[in-house]
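Down below is the structure, laid out as structure tokens.
Just so we're on the same page: letters track the sequence lines, and every chain starts at 1.
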Amino acid sequence: MAWMFMRDSAWKYLQSAHRGGDRNYSHYTSRDFSSQFGLEDFLCTDDIPGTDEDTDSAVLFGTLRGNVVGLRYYTGVVNNNEMVALQREPNNRYDKNAVKVNNVNGNQVGHIKKELAVPLAYIMDNKLAIVEGVVPYGAKNAFTMPVQMSFWGKEENKQAVLDKLKMHGFKLAPSKSSEFAFGSSWVSGRAGPSYSAPGHAAVQMTTEQLKSEFDKLFEDVKEDDKTHEMEGAEAVGTPLLPHQKQALAWMVSRENSKELPLFWEEKNNFYYNTLTNFAEKDRPETVLGGILADDMGLGKTLATIALILTNFHDGKPLPVEKIKSDQLHKESVTGVKNEGHELLKETSCNVEPNISNVKKKSEIIQSQYSSSRPKRAKAEKPKYTVCSDSEESEEWLPQQTRTKCEKNLPVTRKRSKTAACIIQEDTGFVSALASPSAPLKKKAKKKGTGSVQSVKKNDSEESPRTTLIICPLSVLSIWIDQFEQHIRPDIHVNIYVYYGPDRSKDPAFLSKQDIVLTTYNILASDYGSRGDSLLHRIKWLRVVLDEGHTIRNPNAQQTKAALNLEAQRRWILTGTPIQNSLKDLWSLLSFLKLKPFTDREWWHRTIQRPVMLGEQGALRRLQALIKNITLRRTKTSKIKGKPVLELPERKVFIQHVTLTEEERKIYQSVKNEGKAAISRYFNEGTVLAHYADVLGVLLRLRQLCCHPHLCTNTSSSSCQIGESTPEELHEKLVNKMKLVLSSGSDEECAICLDSLNLPVITHCAHVFCKPCICEVIQSEQPNAKCPLCRNELRVEHLVECPPEESDSSIEKKGDQEWISSSKINALMHALIDLRKQNPAVKCLIVSQFTTFLSLIETPLKESGFVFTRLNGSMAQKKRVQAIQSFQDSQTGSPTIMLLSLKAGGVGLNLTAASRVFLMDPAWNPAAEDQCFDRCHRLGQKQDVVITKFIVKNSVEENMLKIQNKKRELAAGAFAAKKLTVSEVKQTKINEIKTLIDL
DNA sequence: ACCGCCGGGTGCC
DNA sequence: ACCGCCGGGTGCC
């Protein structure tokens, strides 16, 4: 989703579209070893080769007129100019070459005539082309209808397609964009978009134009008419900011909307889809939801909570119970801190941070809940009769008589054999029909006359009550925290965290909750393990996908699981702009149940491909679509001229630190040794082959800038080459890399240039994000090469490495006598100064090296500072405690938090701090910024002052140079440009030179 | 007539 | 299908 909100989105989009064409998945058979390594998520082994990526680079081979036959046997009907789908039916018992023709709704219309089906089957089965159909004149045909087919594929397959067709006496007409416009007005003159094939320079846009179009698209989504504001319900405990009131108003209006979805029109009692020209009598479901794509920090979570509390049914607030005023909020907080179940029972605390232990409380919630449950009148069940096997049945509906049916005219057929249909008793309206070939599926299980329980969905069921929220595990605690914060403490809302091994197995219990919170992993594993996944048996009032771009991969299990949830209202929250491309949008739209995009073919034919081909109209359609379902504000968006978020200032100071003579001596000797080794590698041209060694040297230098004790665990002498076997060498290098990673250093991935995400070490001892390197392996298979050294890459050689340091090394320091360092002195000096000025001010002390944070603890204690600590490795419970105690404003609460750079997800809120001391620079300036944003965010009242300690004449200064270069690059037009292999290598080499002063 | 022609039955894959 | 095709009935003009 978020691609379109990035300045560089068009560029990235083009990149990924272009790269797609070179991929080849067809030899991929790695399920066995990939499961061993837990790589399934990234390799998408269940992907069908050549289905998605290849369509991006498809060209139009030509068109062919054919015939659809057997219309009378199927229920699917087609309009003039309507798009149809051609689908192979290899198990057809009359003809293995059978090709089905389905309408947009997926109802079969007929078959391709058998002579044509022969070459078509060959072409489709061998994936030589994608064959698409448009029925130019389909409305009144009773037995056959023409179909205009277009063949799309890779250029290299064109000849094979032409030959095969020719063999059977068919010839493709070359498409001229003027005359060939599928789904357009060339036959009937009916209004509709034109999907001209490319071919004329006048139609196709240049890359530059396309890029600027995308920028506009992005701008226009922001500029909107979604300015109506709405107050939250009483139960919302936090006053909403203007832009949050707008979000609430927009979300509520989306949920209560009765408008037709975009691209649908009502005409003559029919609903037309203007993209596909599909029409049906049933009103297409209004999309009750959308995409909330606000920037991080604008309060998507709060807006969602407000929505849940404010808009239950019919615009009324969620019915909630008020709790007596003597059991109030303070208590609940204490309850959480002490994990006291007794306390929890008594108080209003709805959520327990200890997520695995929610059972007891839930029972209480359950009993309290039933009293406030809204009653709902049961809807009258329509009565139906099922007829079958009836010779005299006059209600058998022949094909192509949709019109007759809708006009309620009696339709007769002479020779009814074993037809079945359903007649609504009161009106006589025929609501379903079937034939031997198309048996009634859901509707009539029993033959004979009787009452069918429910033909319309949901009629016999209670209105759903529950909102299901799905989020990544990393933000689960944030949601829990936000419920605490934003639901008024005297309001009782039933919230159940569906997580952990003891999670409820009772659907009735879940559907009695107001909110069920779970993670994508639970969703996916439940769905995968058994067909009757609990979450999929419940009809939800609302499903909210937090960090919704998580489902961008249509083949991922979590995506499939999310798409199959049943809900009335659907929301996607996504904030962090992500590297993304147009085709990633599909699963989001499909999740929203936006017809006809739920089926990828229609998305691809009506939007994705036309946009890819640079068709202006398509881009406008896409823009309209996005605008229709998305609310997007950035941190710089304005409401009535005022910025949405008026954050206090953020100032960054660099404080230079001079090493003591002794420290300098150690530093210099390590540097000289390392520099000698690295220049030797340069001379030999083996820098990148010794990458682990180089990183090791740099790491040691960075550690020495902080404290001499930090690098004692790394072997100081670099390995003597020449003596070891290649295997030993490799093992040594991998171990070195492991050591670098386990130090806590925020290393970066040479592919995405971002901080490592799930680091893996290659056989050649280079480190990348698992997803990044898997993508490389996948796209270059079977002979993938390391982007840094071009050595062979094998998935089975990848070594996973937990980035989280083991805290054992910290304990080891216990027997070493504590000494200070220049940096610690500088820090303590600053802290004591600050305390003199204002004893209440709170600070974050940030380092990549947790060992360093441990060393800092000693002087903090000695100087009487109250502090707390947050590591990435801390258990959920301890984290929550650490955060809560730090955020507490009472005197005596900690004024300092020791924070490891990467601790906590983006949602971590440490606004109590207004000072940050960054003890060591990170490779990646974005990682630093993200860390600063943990206190410089919504809720921060004071200016934030950041101090970066940088040792003079050291690797740290050189790191700043590199940081600045990266910042410039990121701000430039080609931000996040995908580098080529040689560029990656050159960049790395240049960086190493800069860092070690070569 | 081991044909032609007629008209009824019939009809996807 | 207001078609094609099939196969039975039929047979000078």
How close or far is atom P of C:dC5 from atom CD of A:Glu115, stated in whole angstroms?
-> 11 Å
On a plain distance test, is the side chain of A:Tyr94 in donor-acceptor contact with the base of B:dC12 below 3.5 Å?
-> no
May I ask which nucleotide in the shown strands pairs with B:dC2, Watson-Crick or G-U wobble, both distances under 3.5 Å?
-> none
A:Asp95 (side chain) and B:dC13 (base): donor-acceptor pair under 3.5 Å | no
Residues at least two apart in sequence or cross-chain that pass salt bridge (charged side-chain N to carboxylate O under 4.0 Å, His left out) with A:Glu89, listed by chain then number, are none
C:dC3 C1' sits how many Å from A:Met145 CE, rounded?
-> 17 Å
Check the distance between B:dT10's P and A:Tyr73's OH and give it to me in whole angstrom.
-> 12 Å
Is the aromatic ring centre of A:Phe143 closer than 5.5 Å to the centre of the six-membered base ring of B:dG11, with the two planes inclined by less than 30°?
-> no
If you look at every strand shown and take non-hydrogen atoms under 4.0 Å, does A:Lys113 touch a base, only sugar-phosphate, or nothing?
-> sugar-phosphate
Residues in side chain to side chain donor-acceptor pair (under 3.5 Å) contact with A:Asp95, at least two apart in sequence or another chain = none
Has A:Lys114 got a side-chain N or O lying under 4.0 Å from the OP1 or OP2 atom of B:dC12?
-> no
Starting at atom CZ of A:Arg72, determine the distance to atom C1' of C:dC3, rounded to an integer number of angstrom.
-> 14 Å
Take atom P in C:dC5 and the same atom in C:dA1, then report the distance between them in whole Å.
-> 16 Å
Whom does C:dC13 pair with, Watson-Crick or G-U wobble, provided both distances fall under 3.5 Å?
-> none
Check: A:Asn105/A:Glu280 side-chain N/O donor and acceptor closer than 3.5 Å = yes
Do we see a donor-acceptor contact under 3.5 Å between the side chains of A:Gln108 and A:Asn102?
-> no
